[in-house]
Amino acid sequence: MSEKTINVNEVTFTKKDVTSDQMVKWCPGCGDHAILNSFLKMLPQIGKKREDIAVLSGIGCSSRFPYYVNTYGFHGIHGRAAALASGTKIANPNLSVWMVSGDGDSLAIGGNHFIHVLRRNIDINILLLNNKIYGLTKGQYSPTTPMGKITKTSPQGTIEHPFNPGELAIGAEATFFARTLDNNPKMMTEIMLEAEKHKGTSLIEFMQNCVIFYNGAHAYFADREFRAERTILLKHGEKMIYGKNNDKGLILDETNHIKSVVIGENGITEDDILVHNATTNDPGLHMMLATMGAPDLPVALGVIRSVESRVYEDQLEEIISDAKVNSKIKTVDDLLNSGNTWEI
Amino acid sequence: MSEKTINVNEVTFTKKDVTSDQMVKWCPGCGDHAILNSFLKMLPQIGKKREDIAVLSGIGCSSRFPYYVNTYGFHGIHGRAAALASGTKIANPNLSVWMVSGDGDSLAIGGNHFIHVLRRNIDINILLLNNKIYGLTKGQYSPTTPMGKITKTSPQGTIEHPFNPGELAIGAEATFFARTLDNNPKMMTEIMLEAEKHKGTSLIEFMQNCVIFYNGAHAYFADREFRAERTILLKHGEKMIYGKNNDKGLILDETNHIKSVVIGENGITEDDILVHNATTNDPGLHMMLATMGAPDLPVALGVIRSVESRVYEDQLEEIISDAKVNSKIKTVDDLLNSGNTWEI
Amino acid sequence: MANKENGMNEAEHVVVRFTGDSGDGMQLVGNLFSDSTAFAGNDFATFPDYPSEIRAPQGTVAGVSGFQIHFGHQAIYTSGDLADVLVSMNPAPLKKNLSTVKPGATIIVDVDAFTEKALKRAGYDSNPLTDGSLDGYNLVEAPITSATEKTVMELGIEKKMASKFRNVFALGIVFYIFNRDLKTADEFFEKKFAKKPLLVEANKKVLRVGANYADTIEALSSHRINVHASELEKGRYRNIIGNTATAWGILAAMERSGRSLFLGSYPITPATSILEELAKWKSLGVKTFQAEDEIAGIVSSIGSSFAGAFAVTSTSGPGLALKSEAIGLAVITELPIVIIDVQRGGPSTGLPTKTEQSDLLQAMWGRNGESPVVVLAANSPSNSFYMAFEAARIAMEHMTPVILLSDGYIGNGSEVFKIPKVADLPKINPPIAQANDPDYQPYARDERLVRKWAIPGTPGLEHRIGGLEKEDIYGNVSYEALNHQKMTELREKKVRNIANFIPLQEVYGDTTGDLLVVNWGSTYGASHEAVDELRKEGKKIGMVNLNYIHPMPRNVAEIFAQYKKIIVPELNLGQLVKILKVEFPQFSYHQYNKVQGVPFTKSELVNAFKNLL
Amino acid sequence: MANKENGMNEAEHVVVRFTGDSGDGMQLVGNLFSDSTAFAGNDFATFPDYPSEIRAPQGTVAGVSGFQIHFGHQAIYTSGDLADVLVSMNPAPLKKNLSTVKPGATIIVDVDAFTEKALKRAGYDSNPLTDGSLDGYNLVEAPITSATEKTVMELGIEKKMASKFRNVFALGIVFYIFNRDLKTADEFFEKKFAKKPLLVEANKKVLRVGANYADTIEALSSHRINVHASELEKGRYRNIIGNTATAWGILAAMERSGRSLFLGSYPITPATSILEELAKWKSLGVKTFQAEDEIAGIVSSIGSSFAGAFAVTSTSGPGLALKSEAIGLAVITELPIVIIDVQRGGPSTGLPTKTEQSDLLQAMWGRNGESPVVVLAANSPSNSFYMAFEAARIAMEHMTPVILLSDGYIGNGSEVFKIPKVADLPKINPPIAQANDPDYQPYARDERLVRKWAIPGTPGLEHRIGGLEKEDIYGNVSYEALNHQKMTELREKKVRNIANFIPLQEVYGDTTGDLLVVNWGSTYGASHEAVDELRKEGKKIGMVNLNYIHPMPRNVAEIFAQYKKIIVPELNLGQLVKILKVEFPQFSYHQYNKVQGVPFTKSELVNAFKNLL
Ligand SMILES: Cc1ncc(C[n+]2csc(CCOP(=O)(O)OP(=O)(O)O)c2C)c(N)n1
Ligand SMILES: Cc1ncc(C[n+]2csc(CCOP(=O)(O)OP(=O)(O)O)c2C)c(N)n1
Ligand code: SF4
Ligand code: SF4
Ligand SMILES: [Mg+2]
Ligand SMILES: [Mg+2]
């Protein structure tokens with residue numbers, strides 16, 4: 001994995017310092033609160049000065065995030081967070097840039113910027129707060145709402161196949177994709193730190209609960225009760241083992257599809273279990289992992305993909321410094337006087 | 001595969017009948033000519049009346065396509081072909097709807113509509129003419145231009161990872177993806193017929209050559225000379241075998257990555273070779289196939305993915321006919337008088 | 001409140017405002033009170049006013065949710081200015097609303113909720129109930145929380161559930177004040193909680209306890225109000241919300257045109273409920289397409305229009321901006337489409353839940369090239385029904401995009417609506433080309449300059465259209481200089497010519513005189529009331545309300561010429577004035593503008609108009 | 001062409017037009033002739049005119065590619081109207097161009113290309129060379145193809161390659177007519193084909209054969225033309241294309257502001273070359289970002305502006321429409337950004353390669369809400385440099401979006417440009433907030449109403465901005481009614497106040513009189529020439545050219561008042577006139593409009609103006 005080194009000595013602020021003075025206006029019980037809290041706790045650990053951090057967003061409940069963080073912040077327009085963050089990061093690569101967005105903001109109106117920022121591999125961290133609904137506009141279905149769900153704009157149930165954000169991201173050449181739950185602060189903090197370390201665009205999908213318009217959207221696997229049996233926490237280089245008793249594992253079956261097995265049953269041993277390789281460029285297995293889930297397979301959490309690849313703004317800076325050395329045009333006067341000119 | 005039946009008795013026109021009277025204005029030698037030609041030859045075979053066919057596009061060289069086809073046609077605005085075609089098809093599901101678009105039109109400005117139409121699985125056929133360049137605006141790089149390529153807007157070489165259209169499409173839940181070359185009329189016709197038969201959105205990537213701004217973009221594998229060794233034509237249910245002498249095949253290696261092997265060498269027999277399963281819903285292997293290529297692997301041609309899945313407009317029509325039976329509101333008068341009303 | 005009769009004070013019209021926290025159920029009781037107002041035979045208009053947060057922080061001024069109703073003996077044009085009766089469920093709404101309550105009005109507070117903590121949260125330094133700040137009012141300190149708790153606990157309901165019934169207690173008090181029949185509310189509870197009899201009982205009980213409480217206290221017995229039933233035309237009536245009316249007008253046009261309806265839309269406040277409403281009526285054959293963004297919303301609609309559907313897209317200001325480019329495509333392809341813009345406060349995201357009239361210039365000119373469209377404006381919730389119908393009629397009969405402007409005040413507000421018969425609405429006759437018509441040419445025009453609609457599926461009319469300039473008559477791509485000039489002029493003339501197919505402008509009030517008020521959109525009600533008041537004072541003043549802004553009715557200049565002065569009140573910095581200066585530079589215009597996210601009050605308009613008299 | 005001197009006819013100014021198939025290399029020889037014109041010391045302007053297809057069908061009228069140059073002894077303001085010399089490489093260009101050639105002009109055709117087949121393809125029924133249709137002209141029937149073939153074959157070049165040199169033969173003829181030094185072309189060949197000496201030799205040879213051929217034929221010896229060198233100010237000059245000038249003006253502003261430059265843009269004709277040009281200059285630190293669409297183009301720029309860069313986005317009409325919503329974000333966040341719109345024919349995709357002035361109203365008002373921006377317009381290729389600089393100065397010093405309008409005629413045209421020294425341009429001083437400034441507030445303003453630019457990375461200025469209405473001074477989100485009114489007015493006033501920071505309007509010609517021509521944009525040249533001509537005839541006529549459209553210079557009304565009549569020529573249906581009616585309703589305006597994708601000619605303006613005198 002391509003990692004940035006974190007200089008912890010630069011840490012000069014606490015969680016309190018990065019908490020803004022604005023009243024947090026999310027509904028009581030909304031998953032956004034916990035995510036914000038983990039974020040604020042994580043920030044002092046990234047080794048960046050407070051003034052070198054920028055938080056940008058689009059529009060949505062989730063996109064109010066920047067107001068609550070006392071760094072530089074920009075609450076943009078609906079769907080354009082990725083483009084906004086791209087411009088900010090390219091203009092000043094020294095900033096630690098965090099983009100916060102919802103499933104509507106990033107996958108409906110913002111879908112194009114979302115896939116393009118991933119492809120370009122600009123070094124920003126994207127927190128995608130996926131509640132599978134439009135919260136701010138009060139309950140219309142989003143591109144991640146499951147088929148058949150009745151919402152304000154689908155009174156007879158939706159008829160659209162939802163996106164799986166990880167799958168879409170990998171299809172768009174994402175170099176980093178992780179998934180986490182809004183009810184696991186430790187996992188959230190860890191994964192956000194991983195994302196910050198990754199050089200390139202990092203996408204984290206937060207399975208966020210909207211208590212008002214789609215309460216329990218992720219409960220099937222996110223509920224504490226089921227979590228052990230219905231999710232698997234992937235770690236690079238480790239076996240894909242899960243379950244309350246750590247007795248379940250994943251293998252590829254004869255048809256090359258992922259299958260869940262019980263270690264000790266049918267002659268399966270730990271050796272048969274797949275080892276997670278987050279760093280391979282091949283999208284195939286990452287895709288299978290990102291899309292697996294109920295009824296037969298656990299939902300993958302943790303860092304599913306983290307591959308090294310050239311970063312947009314690094315290449316740009318390189319081209320610029322090369323050009324500064326090699327080009328004869330050093331000033332605008334040089335340019336104005338280049339080529340055919342004549343004196344009168 | 002979910003297929004529509006073609007009623008060939010309805011064929012009432014010839015290639016000449018669907019050729020419009022407009023002068024074809026592509027550059028001599030442009031790959032678009034051959035694609036148009038195959039398309040015009042294919043149309044009489046789909047079993048649709050001429051008036052029930054609509055060809056829609058965005059803007060680009062490729063998007064001038066509708067003018068040359070004597071059916072109903074709509075040359076839209078840049079990037080919006082998928083939205084335009086979606087509205088047309090949903091409004092009249094009886095139409096055979098063909099959308100023609102370029103890599104800029106569908107993957108740059110139109111990227112969002114492109115991924116959403118695939119996700120919704122609206123039954124239209126998308127011909128993506130991928131010349132890896134902006135033709136009409138004279139030679140800027142596109143989202144499929146390979147890294148490092150010098151173009152008018154990347155005088156020092158591009159620094160953006162290109163999309164692979166098939167990979168992106170599969171990430172966006174595409175149910176049908178095929179790839180073909182602009183210099184193989186027979187393959188083009190066959191694949192377009194497959195696409196028309198598929199119920200749901202069908203995406204065909206044409207490796208199209210722009211002789212003016214990116215001549216030879218696909219030559220490495222598309223040239224007649226190399227084609228046998230550098231491409232593989234996938235057929236559902238058949239072994240993945242290729243090569244001039246049909247002696248090469250694809251397997252999954254120990255790390256679950258695709259590998260090219262020679263049959264007869266190192267103890268490999270035909271039995272070891274993977275069988276193509278286009279109809280599995282699992283995106284993993286399709287993704288590997290869609291993305292493979294130089295230097296070690298052949299480029300996949302043919303129908304890579306064709307899975308059955310519910311179609312948007314079918315579900316909508318169903319909801320409408322159910323509602324017509326079940327709802328008490330049969331007319332607008334019923335609606336106006338529903339709920340609380342009072343007489344004065 | 002002059003005379004008394006049966007111990008009631010008589011009033012011509014009254015404003016009641018229910019206010020509380022977002023979770024206090026103010027919208028619900030407001031609507032119940034509206035229903036009972038309807039049954040009492042009054043004309044009325046209502047307006048909800050809630051914070052943009054889903055659940056704004058409880059007990060704070062920012063979190064206050066309100067519902068206002070204005071009802072009367074005569075026709076009602078606005079949801080009213082100052083309140084005659086205010087219900088305040090805790091200190092914060094009182095703090096927020098006091099300045100817009102009439103002197104002497106009845107203020108009902110839940111005295112249990114005026115704790116020290118709550119006062120502080122609302123930003124009060126001292127208790128307004130005791131510090132004299134409510135001295136000029138008829139204060140009713142009702143023990144709403146405690147009385148409600150007692151009542152429901154008697155029915156075996158947990159104490160902590162009592163908060164769900166507090167609003168009904170307050171409603172009981174208000175019902176008493178206006179001597180309303182409790183049955184309208186009872187019916188609602190019975191329907192809503194059909195499967196939960198306990199809830200029906202509890203609600204009915206709390207309502208009565210509230211009413212009885214009111215009957216027993218002195219503060220109210222002399223403050224009951226009677227508003228005589230209105231003298232509305234005979235017919236069937238209902239209450240209608242503006243956005244619903246717009247949606248239903250669209251449905252009526254669908255039926256009268258015989259075309260199927262396609263709505264491509266993306267949710268955006270305050271327009272979303274048009275999409276939500278239309279999504280319900282699949283039984284009428286409606287197809288709604290929730291697009292990935294506003295651009296796909298309109299472009300899919302244009303695709304459906306090409307395919308022969310009645311195409312509509314709905315949005316608010318930022319969404320209209322995104323649709324700009326595609327509107328041009330509809331202009332050049334001359335396909336019918338209705339674009340509904342429910343305006344909100346701008347610029348940018350602005351004030352998304354507040355009303356404003358600041359998209360007018362965008363609607364007129366917000367596109368590249370010479371790109372004329374028809375612009376209409378609705379002026380009230382019920383008028384939205386008719387203007388939506390008109391938008392559809394003009395779009396389909398004249399093969400043109402039509403922008404229909406509404407706004408947050410109209411869209412969310414409601415008023416009494418006389419239910420029309422669909423068959424009485426005009427038939428809409430789109431110029432559909434006939435199969436195998438040998439004379440068909442894509443850009444041939446009739447005497448109104450309208451081209452034909454040749455719908456895919458029709459044999460013999462295969463043709464191609466698109467966004468490049470079209471050759472006159474034949475519709476092929478043409479770069480020819482004179483053809484471009486001709487087509488540009490034809491498009492302009494076609495739209496201008498629609499002036500011959502809309503009603504002449506009507507004048508309200510004096511048809512000649514000292515001052516003409518030129519109104520458009522939701523300010524209609526306040527303008528109307530202000531004009532009424534000034535005419536009562538003997539002023540010579542008239543009003544025109546422009547529902548057709550582009551093109552305008554043929555007689556507008558003629559009307560303008562009959563007055564000494566012209567004033568244009570607008571909730572923007574003067575957008576209609578700009579259009580009037582362009583269209584009728586021979587007149588001079590006074591402006592009265594406000595950009596505060598809220599409608600005009602009658603009284604500020606009265607003052608503004610008076611200044612010119 | 002009055003007097004003769006050295007056997008040459010004298011001329012004040014001359015128009016030469018090279019025309020052929022798209023593949024015939026007309027742009028190349030046009031540029032070579034321009035270079036030689038520069039060295040001859042004439043002022044000049046040029047305009048290329050090619051079909052929108054990449055390789056349009058050869059030999060057809062639709063496929064004709066042209067290059068026109070207008071040069072003269074005195075200052076040149078347009079690329080000219082009617083041609084004095086026309087080169088036509090085959091029948092199609094002759095057919096297309098004959099109507100815009102002066103009577104008596106020299107027409108040079110490649111007689112070898114006038115085959116029966118070619119005549120038919122061009123749409124000729126009979127041969128114009130023989131049917132008398134060229135009777136009033138000085139026809140030169142040059143054997144261009146055959147003579148070129150012979151020449152290159154002598155050098156051992158294949159016959160079929162000869163077509164690549166035909167244009168140079170034609171150039172030789174034209175060089176002879178104007179007695180030009182062949183060296184300027186020689187130098188070009190030596191540089192371009194440095195590694196292919198045979199090509200250098202062949203080009204030089206063909207050029208001379210062409211010139212010698214011209215020398216031998218009678219038709220030309222009496223039709224040679226001499227244009228005296230211009231009396232330009234002393235200094236260093238170059239030829240500059242409009243879009244390049246715009247790009248360079250932006251670069252100069254970058255240097256003078258000390259900010260780094262970020263351009264977010266999406267290719268679109270005719271604006272693309274601004275992006276292409278800026279992409280080259282990485283050595284100056286320029287960052288160009290080819291975005292996925294126009295929206296990402298502007299939004300990434302706004303992001304960069306937030307980060308402290310000098311932000312620019314470039315586009316044409318349809319792209320400006322797409323940027324509408326985001327421009328509003330820049331308005332409310334009060335971040336500097338320059339939005340360049342190189343206008344083309346509309347509506348919709350329209351006439352993408354043709355010129356028009358029809359985005360003005362979109363630039364002014366094409367956004368939701370009250371959303372004021374600064375609007376500037378360049379009026380010629382070289383003026384683009386200065387207006388781009390001005391746009392940048394105003395954007396950064398006043399923290400506001402600025403829309404700079406250019407058009408296809410300016411963007412693709414070129415003219416002589418006196419090279420300025422960057423150090424002589426004004427320094428640009430953005431109001432950058434200082435680290436740890438204890439008084440910093442995001443929406444505090446200076447006396448010009450400008451807020452500070454607090455750039456991420458600066459300690460102590462951490463703050464949040466966004467698209468929701470901002471609280472005055474503090475910049476927090478505010479839904480407060482009076483605050484919204486105040487902020488709306490502040491934004492409006494801030495932009496209007498810029499009138500105090502731009503030059504006063506200058507008048508050309510008579511400063512009082514019978515007619516004032518109000519010009520904006522690329523029609524400047526034709527207006528200027530027309531005014532000159534009429535003043536020579538003794539008419540009292542003046543002209544103002546509005547580079548600053550919103551806000552306008554403070555003295556405009558004063559100027560208007562000095563004339564009996566005002567006329568506004570525009571390549572649209574009258575967009576500036578609408579703005580003038582709004583701004584200065586006290587005057588009445590005559591319009592002269594043309595929407596044909598081509599510029600005005602001097603003569604049509606002379607006629608139009610005369611009609612009012
Ligand atoms: C251009 C534009 N279109 C639409 C909207 C309305 N809008 C605001 S947020 C939103 C969707 C919010 O959903 P999501 O992004 O999932 O965020 P959440 O509220 O669920 O966190 C929409 C449709 C807008 N503000 N701007
Ligand atoms: C809104 C808008 N932006 C930009 C353009 C300019 N434009 C036209 S076609 C095109 C790209 C063409 O590339 P592609 O889609 O790959 O088609 P090709 O010409 O290569 O077939 C661009 C940028 C436009 N017409 N409209
Ligand atoms: S509506 Fe849903 S997403 Fe929005 S704040 Fe409330 S709980 Fe959270
Ligand atoms: S520019 Fe390229 S893509 Fe366009 S017509 Fe010519 S060869 Fe084809
Ligand atoms: Mg959401
Ligand atoms: Mg392309």
Side-chain angles (χ1 to χ4, degrees), chain C residues 51-52 62 295 316-322 324-325 327-329 331-333 343 345-354 356 358-359 361-362 364-371 466-469 479 481-482 484-485 488-489 491-492 572-573 575 577-578 581-582 585 588 594-598, chain D residues 51-52 62 295 316-322 324-325 327-329 331-333 343 345-354 356 358-359 361-362 364-371 466-469 479 481-482 484-485 488-489 491-492 572-573 575 577-578 581-582 585 588 594-598:
Chain C
S52 61
I295 299 174
S316 185
L320 187 63
L322 287 168
S324 308
E325 191 209 3
I327 295 174
L329 181 64
V331 167
I332 202 165
T333 55
Q343 301 164 94
S348 194
T349 312
L351 291 176
T353 58
K354 304 283 177 186
E356 205 160 285
S358 53
D359 295 345
L361 295 176
Q362 176 178 223
M364 283 289 290
W365 292 311
R367 292 165 294 283
N368 59 300
E370 290 292 344
S371 188
L468 287 165
E469 182 58 287
Y479 299 109
L482 292 177
H484 182 46
Q485 177 96 36
T488 304
E489 286 170 5
R491 285 186 289 263
E492 178 78 14
N572 58 39
L573 293 182
Q575 299 200 358
V577 162
K578 291 193 172 71
K581 283 181 178 169
V582 168
S588 68
K594 171 162 145 180
V595 196
Q596 303 182 6
V598 293
Chain D
S52 61
I295 300 174
S316 185
L320 187 63
L322 288 168
S324 308
E325 191 208 3
I327 296 174
L329 180 64
V331 167
I332 203 165
T333 55
Q343 301 165 95
S348 194
T349 312
L351 291 176
T353 57
K354 304 283 175 183
E356 204 160 288
S358 54
D359 294 347
L361 295 176
Q362 176 179 221
M364 283 289 290
W365 292 312
R367 291 164 295 282
N368 59 300
E370 291 291 344
S371 187
L468 287 165
E469 184 58 287
Y479 299 107
L482 292 176
H484 181 46
Q485 176 95 36
T488 304
E489 285 169 5
R491 284 185 290 262
E492 178 77 13
N572 58 38
L573 293 182
Q575 301 200 358
V577 162
K578 292 193 171 67
K581 283 180 178 170
V582 168
S588 67
K594 171 162 146 180
V595 196
Q596 303 181 6
V598 292

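Within every chain, numbering begins at 1; the chains are lettered A, B, ... in the order of the sequence lines, protein sequences first and strands thereafter. No hydrogens, no waters, no symmetry mates; every other heavy atom, side chains included, goes into these values. What you see is a predicted model, and the numbers here were worked out from it, not measured in a lab.
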What pairs with C:Ser358 under side-chain hydrogen bond (donor to acceptor under 3.5 Å, both in side chains), at least two apart in sequence or on another chain?
-> C:Glu356
Part of D:Leu573 lying under 4.5 Å from any heavy atom of chain C = both
Measuring heavy-atom distances to chain C, does D:Glu492 have an atom under 4.5 Å in its side chain, in its backbone, in both, or in neither?
-> side chain
Considering all heavy atoms of both residues, which atom of [X] and which atom of [Y] are nearest to each other, and what is their separation?
{"X": "C:Gly346", "Y": "D:Arg491", "value": "O-NH2, 4.4 Å"}
{"X": "D:Lys578", "Y": "C:Trp365", "value": "CD-CZ2, 3.5 Å"}
{"X": "C:Ser348", "Y": "D:Leu329", "value": "OG-CA, 3.5 Å"}
{"X": "C:Gln485", "Y": "D:Val595", "value": "OE1-N, 2.8 Å"}
{"X": "C:Gly597", "Y": "D:His484", "value": "N-CD2, 3.9 Å"}
{"X": "D:Pro347", "Y": "C:Ile332", "value": "O-CD1, 3.6 Å"}

Which one wins on heavy-atom pair count under 4.5 Å against chain D: [options]?
{"options": "C:Pro585, C:Gly328, C:Ala62", "answer": "C:Gly328"}
{"options": "C:Ser588, C:Ala481, C:Gly317", "answer": "C:Ala481"}
{"options": "C:Thr488, C:Leu351, C:Asp359, C:Leu361", "answer": "C:Leu351"}
{"options": "C:Gly350, C:Gly466, C:Ser324", "answer": "C:Gly350"}

Which one, [options], leads in non-hydrogen pairs under 4.5 Å with chain C?
{"options": "D:Thr353, D:Asn572, D:Val331", "result": "D:Asn572"}
{"options": "D:Gly345, D:Gly319, D:Pro318", "result": "D:Pro318"}
{"options": "D:Val582, D:Leu320, D:Thr333", "result": "D:Val582"}

Counting only heavy atoms closer than 4.5 Å, note whether C:Ile295 contacts chain D via side chain, backbone, both or neither.
-> side chain
Set of salt bridge (Lys or Arg N to Asp or Glu O under 4.0 Å) partners for D:Glu370, sequence neighbours left out = none
d(C:Glu469 CD, D:Thr349 OG1) to nearest 0.5 Å is 11.0 Å
Report yes if the side chains of D:Leu468 and C:Pro352 come closer than 4.5 Å at any heavy-atom pair, otherwise no.
-> yes
Would you say the side chain of D:Gln362 lies within less than 4.5 Å of the side chain of C:Ser371, judging by non-hydrogen atoms?
-> no
